[in-house]
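When a residue number appears, it is its place in the shown sequence, counting from 1. Quick caveat: nothing in here was measured; it's all calculated off a predicted structure.
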Amino acid sequence: MKKFTTVAALGTALLSLSTTGCFKNESKSIINADGSGKFTTVMELNLAPIMGMMGGGAGAANPLGDNRTMLVNMIRAMNPSVDAWTDAKVETTKAGATKITLAGFVKDFTATGDIKKALSSASPDLAEKASAMPDMKMVNSTKDASGNWVISMAGVDEIMTMFGALQAEAAKEDSFTPGQMNVTEEEIATKIAEFRPTYDQFKPMAAMMLKDMSITSEMEVGGEILESAVFKKTAPNKVSWTFSGEQLIDMVDGIVNDKALPKKVAKLAAAFNEGPKSEKVGPALREFISPLIADIYGGAASPKLVIKPGAASFDYAAEVAKAKSSQSPELKKLLEEAAQPAAIPGLPGAEKSPEAAPEAAPKKPSKVVPPTPKKKAA
């Protein structure tokens, strides 16, 4: 009971990370039929409330680093897919949130959803781990039999394909000991019943805080949109999609009040209990995540656009050339910093903020020069 209360409290605290008005993300993209595009992303993140709830106090250090470190790391992760940057800045809002703005041009807009490439660029530690991962793209661009341009984003099928590749890698190690996740349907049902009063008590406060949380994506394409799934068509060539705090509450409600949840969790735990070589893991995980993905996507399997290609929305080459020639000194300095390899944790200098004043270089020992012998007089 005590253990479950602790877990429930932690879950409540984690949920509040997205509830205290501390997460907003708005992205806008303009994409040509050849795949070239330009983007603007504005993100607000405030970890102070969650740090306080978890006992860190008001002055607790941000686990993601200071503002500039966060910005540089984001640029570094995106660099492989960005052809030219037009904006990259970070500021602190009046509410104490970190606000990051990023904008630029990409030759291939699907590259921005390449998870493996982003992880490989983020840090040496992540690069080593990412090298063993399968290719994972969250966005794909293809053509159908009629020559229409099709943009699709990861849904259940794509997530399961990625998981299958990771499972195959884990199975190669053969280091799993079965029997580590023994749990019964009755035990899970009891824990959920114990948690429900806590959730019911917290929900009104969460709903109040969640009203400002949102994830919004807008897209303009070079052509006429014929079909749209998940995205709402706002113009012949424009769509938008929003996931709000209210939708998150509805999703959590669905999980907590799902009468079949104990059975699904027990089934999933039993499958994982057999290890990565088990053929039961994939089907059990699919059954578990499918309704969650459906909630996020409004019942659709995945986001999809079918487009009749048309004239380019903008002149990519001309605008990229202009962007590169008009970068501010501040932006150039940021890009130079992000172009350097990330510091490896544990090595000297790895934990220093880029804003910190450089330490004085150690003095080199002066070189001892032997005296020149005097010439004897002839």
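- K28 is linked by a salt bridge (Lys or Arg N to Asp or Glu O under 4.0 Å) to E26, counting only residues two or more places apart in sequence or in another chain.
- Applying the side-chain hydrogen bond (donor to acceptor under 3.5 Å, both in side chains) test to N32 and every residue at least two apart in sequence or in another chain returns S36.
- Sorted pairs that involve residues 223-236 and meet salt bridge (charged side-chain N to carboxylate O under 4.0 Å, His left out), not counting sequence neighbours, are lacking altogether.
- Ring geometry for F243 against W241 counts as parallel: the plane angle stays under 30°, on a 0 to 90° scale with 60° as the upper cut.
- Not counting sequence neighbours, S290 has no partner by the side-chain hydrogen bond (donor to acceptor under 3.5 Å, both in side chains) test.
- Listed by chain and residue number, nothing satisfies the side chain to side chain contact (heavy atoms under 4.5 Å, CB included) test with K143 (two or more places apart in sequence, or in another chain).
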Anything under 3.5 Å between a donor and an acceptor, one on a side chain of residues 262-272, the other on a protein residue two or more places apart or in another chain? List them.
| unit_1 | atom_1 | unit_2 | atom_2 | d |
| --- | --- | --- | --- | --- |
| K264 | NZ | D258 | OD2 | 2.8 |
| K267 | NZ | E287 | OE1 | 2.9 |

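- The side-chain contact (heavy atoms from CB on, under 4.5 Å) test with L226 is passed by exactly one of I307, N148, V150: N148.
- Residue pairs meeting the salt bridge (charged side-chain N to carboxylate O under 4.0 Å, His left out) criterion with at least one partner in residues 321-334, sequence neighbours excluded, are D83-K324.
- For D157, the salt bridge (Lys or Arg N to Asp or Glu O under 4.0 Å) test picks out R286, with sequence neighbours left out.
- Sequence neighbours left out, the pairs with a member in residues 298-319 that pass salt bridge (charged side-chain N to carboxylate O under 4.0 Å, His left out) are K38-E319.
- Partners of T92 according to the side chain to side chain contact (heavy atoms under 4.5 Å, CB included) rule, which considers only residues two or more places apart in sequence or in another chain, are N67.
- Residues satisfying the side chain to side chain contact (heavy atoms under 4.5 Å, CB included) test with S228, not counting sequence neighbours, are I225, F231, V239, L305.
- Side-chain atoms of T86 come within 3.5 Å of backbone atoms of A103 as a donor-acceptor pair (strictly under, hydrogens ignored).
- Evaluation of the side chain to side chain contact (heavy atoms under 4.5 Å, CB included) rule for D200 yields R196 as partners, not counting sequence neighbours.
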